[in-house]
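To start, the structure itself, in C-alpha coordinates.
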Amino acid sequence: VATLKADLEQAENAVKDFSTEMNLITPEALDLLNRQLKDFRTRKEATEGKLAGLITRLADMEAASTSGDRKQMAELSDDLPLEQAYRRLNSGGQGAEAAFDARFAQLVQRARTEIDLNRNQAAALEKSILDKEAEVASQSKDLLAVQQLERDAEATRQVFEYFQGRQKEISAQEGIH
(Lines give C-alpha, C1' and ligand atoms only; values in the text may rest on other atoms or scores of the structure.)
Protein backbone atom coordinates (compact mmCIF):
# COMPACT_ATOMS: atom_id res chain seq x y z
CA VAL A 1 0.00 0.00 0.00
CA ALA A 2 2.87 2.37 0.76
CA THR A 3 4.30 1.72 -2.70
CA LEU A 4 0.88 2.41 -4.27
CA LYS A 5 0.62 5.63 -2.25
CA ALA A 6 4.02 6.71 -3.59
CA ASP A 7 2.93 5.78 -7.12
CA LEU A 8 -0.24 7.85 -6.69
CA GLU A 9 1.72 10.87 -5.46
CA GLN A 10 4.15 10.48 -8.35
CA ALA A 11 1.28 10.29 -10.89
CA GLU A 12 -0.43 13.35 -9.40
CA ASN A 13 2.85 15.26 -9.40
CA ALA A 14 3.41 14.30 -13.04
CA VAL A 15 0.05 15.87 -13.94
CA LYS A 16 0.89 19.03 -11.96
CA ASP A 17 4.39 19.28 -13.41
CA PHE A 18 3.21 18.80 -16.98
CA SER A 19 0.42 21.32 -16.51
CA THR A 20 2.77 23.97 -15.16
CA GLU A 21 5.43 23.35 -17.83
CA MET A 22 3.03 23.57 -20.72
CA ASN A 23 0.78 26.40 -21.75
CA LEU A 24 -2.24 24.15 -21.53
CA ILE A 25 -5.72 25.06 -22.56
CA THR A 26 -9.12 23.59 -21.97
CA PRO A 27 -11.03 21.57 -24.55
CA GLU A 28 -13.33 24.61 -24.91
CA ALA A 29 -10.38 26.88 -25.68
CA LEU A 30 -9.12 24.33 -28.21
CA ASP A 31 -12.56 24.46 -29.86
CA LEU A 32 -12.22 28.24 -30.02
CA LEU A 33 -8.83 27.89 -31.74
CA ASN A 34 -10.40 25.52 -34.26
CA ARG A 35 -13.19 28.03 -34.94
CA GLN A 36 -10.58 30.76 -35.47
CA LEU A 37 -8.77 28.48 -37.90
CA LYS A 38 -12.02 27.86 -39.78
CA ASP A 39 -12.63 31.63 -39.91
CA PHE A 40 -9.15 32.22 -41.35
CA ARG A 41 -9.79 29.59 -44.02
CA THR A 42 -13.17 31.10 -44.91
CA ARG A 43 -11.67 34.59 -45.15
CA LYS A 44 -8.82 33.27 -47.31
CA GLU A 45 -11.30 31.58 -49.69
CA ALA A 46 -13.29 34.82 -49.96
CA THR A 47 -10.13 36.82 -50.58
CA GLU A 48 -8.97 34.39 -53.25
CA GLY A 49 -12.40 34.53 -54.90
CA LYS A 50 -12.30 38.31 -54.93
CA LEU A 51 -8.73 38.19 -56.25
CA ALA A 52 -9.77 35.95 -59.14
CA GLY A 53 -12.54 38.41 -60.04
CA LEU A 54 -10.13 41.35 -59.89
CA ILE A 55 -7.62 39.57 -62.12
CA THR A 56 -10.32 38.77 -64.65
CA ARG A 57 -11.56 42.37 -64.59
CA LEU A 58 -8.04 43.71 -65.10
CA ALA A 59 -7.46 41.31 -68.02
CA ASP A 60 -10.73 42.48 -69.59
CA MET A 61 -9.77 46.13 -69.09
CA GLU A 62 -6.34 45.56 -70.64
CA ALA A 63 -7.86 43.69 -73.60
CA ALA A 64 -10.32 46.54 -74.18
CA SER A 65 -7.47 49.04 -73.94
CA THR A 66 -5.38 47.05 -76.43
CA SER A 67 -8.30 46.92 -78.85
CA GLY A 68 -8.87 50.66 -78.46
CA ASP A 69 -12.60 50.12 -77.95
CA ARG A 70 -13.37 53.07 -75.70
CA LYS A 71 -17.04 52.12 -75.37
CA GLN A 72 -16.05 48.73 -73.97
CA MET A 73 -13.44 50.42 -71.77
CA ALA A 74 -16.12 52.71 -70.31
CA GLU A 75 -18.55 49.84 -69.77
CA LEU A 76 -15.96 47.64 -68.07
CA SER A 77 -14.80 50.40 -65.77
CA ASP A 78 -18.12 50.91 -64.02
CA ASP A 79 -16.77 54.38 -63.23
CA LEU A 80 -18.96 57.49 -63.51
CA PRO A 81 -16.12 59.95 -64.30
CA LEU A 82 -14.90 57.68 -67.12
CA GLU A 83 -18.43 57.33 -68.48
CA GLN A 84 -18.76 61.14 -68.43
CA ALA A 85 -15.42 61.45 -70.23
CA TYR A 86 -16.69 58.94 -72.81
CA ARG A 87 -19.83 61.04 -73.42
CA ARG A 88 -17.68 64.18 -73.82
CA LEU A 89 -15.47 62.22 -76.22
CA ASN A 90 -18.51 61.24 -78.32
CA SER A 91 -19.79 64.80 -78.35
CA GLY A 92 -16.43 65.99 -79.66
CA GLY A 93 -15.37 67.81 -76.50
CA GLN A 94 -11.93 69.34 -76.50
CA GLY A 95 -9.32 67.33 -74.57
CA ALA A 96 -11.85 64.55 -73.97
CA GLU A 97 -9.61 61.87 -75.47
CA ALA A 98 -6.69 62.69 -73.14
CA ALA A 99 -9.02 62.93 -70.13
CA PHE A 100 -10.59 59.57 -71.00
CA ASP A 101 -7.21 57.87 -71.47
CA ALA A 102 -5.80 59.37 -68.24
CA ARG A 103 -8.84 58.29 -66.21
CA PHE A 104 -8.76 54.78 -67.68
CA ALA A 105 -5.04 54.50 -66.87
CA GLN A 106 -5.85 55.48 -63.26
CA LEU A 107 -8.48 52.77 -63.09
CA VAL A 108 -6.11 50.16 -64.48
CA GLN A 109 -3.48 51.18 -61.92
CA ARG A 110 -6.09 51.07 -59.13
CA ALA A 111 -7.07 47.56 -60.25
CA ARG A 112 -3.42 46.46 -60.13
CA THR A 113 -3.01 47.96 -56.67
CA GLU A 114 -6.16 46.22 -55.46
CA ILE A 115 -4.85 42.92 -56.85
CA ASP A 116 -1.57 43.39 -55.01
CA LEU A 117 -3.40 44.20 -51.77
CA ASN A 118 -5.58 41.11 -52.10
CA ARG A 119 -2.57 38.93 -52.87
CA ASN A 120 -0.84 40.25 -49.75
CA GLN A 121 -3.96 39.68 -47.69
CA ALA A 122 -4.28 36.10 -48.99
CA ALA A 123 -0.60 35.49 -48.15
CA ALA A 124 -1.06 36.92 -44.65
CA LEU A 125 -4.12 34.74 -44.13
CA GLU A 126 -2.18 31.68 -45.34
CA LYS A 127 0.55 32.44 -42.79
CA SER A 128 -2.07 32.89 -40.08
CA ILE A 129 -3.61 29.56 -41.06
CA LEU A 130 -0.26 27.78 -40.86
CA ASP A 131 0.51 29.39 -37.50
CA LYS A 132 -2.93 28.54 -36.11
CA GLU A 133 -2.68 24.94 -37.41
CA ALA A 134 0.65 24.56 -35.61
CA GLU A 135 -0.83 26.03 -32.42
CA VAL A 136 -3.86 23.74 -32.61
CA ALA A 137 -1.66 20.69 -33.21
CA SER A 138 0.63 21.57 -30.32
CA GLN A 139 -2.23 22.33 -27.94
CA SER A 140 -4.08 19.16 -28.99
CA LYS A 141 -0.99 17.07 -28.33
CA ASP A 142 -0.44 18.68 -24.93
CA LEU A 143 -4.09 18.36 -23.98
CA LEU A 144 -4.07 14.66 -24.91
CA ALA A 145 -0.90 14.14 -22.89
CA VAL A 146 -2.29 15.78 -19.76
CA GLN A 147 -5.57 13.87 -20.15
CA GLN A 148 -3.59 10.62 -20.34
CA LEU A 149 -1.61 11.58 -17.25
CA GLU A 150 -4.87 12.37 -15.45
CA ARG A 151 -6.32 8.98 -16.45
CA ASP A 152 -3.17 7.24 -15.23
CA ALA A 153 -3.32 9.12 -11.92
CA GLU A 154 -6.99 8.24 -11.52
CA ALA A 155 -6.31 4.56 -12.24
CA THR A 156 -3.48 4.57 -9.70
CA ARG A 157 -5.79 6.30 -7.18
CA GLN A 158 -8.45 3.64 -7.66
CA VAL A 159 -5.93 0.81 -7.19
CA PHE A 160 -4.52 2.55 -4.10
CA GLU A 161 -7.98 3.09 -2.60
CA TYR A 162 -8.92 -0.52 -3.26
CA PHE A 163 -5.82 -1.89 -1.54
CA GLN A 164 -6.07 0.65 1.25
CA GLY A 165 -9.65 -0.52 1.86
CA ARG A 166 -8.53 -4.16 1.79
CA GLN A 167 -5.75 -3.35 4.26
CA LYS A 168 -8.29 -1.77 6.63
CA GLU A 169 -10.55 -4.81 6.28
CA ILE A 170 -7.65 -7.17 7.06
CA SER A 171 -6.56 -5.03 10.02
CA ALA A 172 -10.13 -5.00 11.32
CA GLN A 173 -10.39 -8.79 10.94
CA GLU A 174 -7.08 -9.30 12.73
CA GLY A 175 -8.34 -7.13 15.57
CA ILE A 176 -11.44 -9.32 15.89
CA HIS A 177 -9.47 -12.57 16.13
Side-chain angles (χ1 to χ4, degrees), residues 11-90 96-155:
E12 288 174 342
N13 286 335
V15 171
K16 287 178 195 173
D17 292 345
F18 190 82
S19 295
T20 56
E21 287 176 19
M22 297 301 178
N23 184 17
L24 287 180
I25 60 172
T26 64
E28 294 79 16
L30 188 58
D31 286 342
L32 177 62
L33 286 176
N34 278 314
R35 283 194 299 275
Q36 289 172 341
L37 181 59
K38 183 179 179 183
D39 179 57
F40 284 150
R41 288 178 177 146
T42 301
R43 288 174 41 204
K44 182 177 177 244
E45 283 179 25
T47 300
E48 288 174 339
K50 182 179 178 182
L51 180 60
L54 290 169
I55 290 170
T56 300
R57 182 170 181 256
L58 177 61
D60 291 345
M61 290 173 75
E62 289 174 337
S65 178
T66 301
S67 73
D69 185 350
R70 286 197 167 94
K71 180 180 179 187
Q72 185 182 16
M73 292 164 69
E75 290 171 355
L76 286 171
S77 72
D78 194 27
D79 181 68
L80 184 61
L82 187 67
E83 291 170 8
Q84 290 170 345
Y86 179 70
R87 284 194 291 277
R88 280 193 310 274
L89 182 67
N90 282 340
E97 193 172 310
F100 181 91
D101 292 342
R103 181 64 185 166
F104 190 77
Q106 283 178 336
L107 294 174
V108 168
Q109 185 55 44
R110 184 181 301 160
R112 287 184 180 128
T113 300
E114 203 171 343
I115 287 170
D116 289 342
L117 290 172
N118 275 271
R119 280 187 177 136
N120 290 341
Q121 185 176 10
L125 286 167
E126 179 63 26
K127 183 182 180 325
S128 295
I129 288 169
L130 293 174
D131 292 347
K132 193 61 69 177
E133 284 174 340
E135 182 180 3
V136 166
S138 173
Q139 291 293 334
S140 294
K141 179 181 160 211
D142 291 347
L143 187 59
L144 289 173
V146 79
Q147 287 173 337
Q148 182 60 46
L149 288 171
E150 288 170 345
R151 284 190 295 273
D152 293 346
E154 181 59 28

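With respect to the salt-bridge test (charged N to carboxylate O, under 4.0 angstrom), the residues D31 and R35 do not qualify. Salt bridge present: K132 and E135 bring a charged side-chain N and a carboxylate O closer than 4.0 Å.
A 4.5 Å side-chain heavy-atom check between V108 and S65 finds every atom pair outside the cut-off. The side-chain heavy atoms of L107 and R103, taken from C-beta on, include a pair separated by under 4.5 Å.
Every residue was checked against the salt bridge (charged side-chain N to carboxylate O under 4.0 Å, His left out) condition with E45, not counting sequence neighbours, and none meets it. In this structure, the salt bridge (charged side-chain N to carboxylate O under 4.0 Å, His left out) partners of E97, at least two apart in sequence or on a different chain, are R70. Considering only residues two or more places apart in sequence or on other chains, E75 meets the salt bridge (charged side-chain N to carboxylate O under 4.0 Å, His left out) condition with none of them. Residues forming a side-chain contact (heavy atoms from CB on, under 4.5 Å) with D69 (at least two apart in sequence, or on another chain): S67, K71, Q72.
Counted by atom type alone, Q148 and R151 present one or more donor-acceptor pairs between their side chains at under 3.5 Å.
In terms of heavy atoms, A153 sits closest to E12 at CB-N, 4.3 Å.
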Give every donor-acceptor pair under 3.5 Å between a side-chain atom in residues 50-60 and any protein atom, sequence neighbours left out.
unit_1: T56; atom_1: OG1; unit_2: A52; atom_2: O; d: 3.0
unit_1: R57; atom_1: NH2; unit_2: S77; atom_2: O; d: 2.7

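Among residue pairs with one or both ends in residues 118-130, those qualifying as side chain to side chain donor-acceptor pair (under 3.5 Å) are K44-E126, K127-D131; sequence neighbours excluded.
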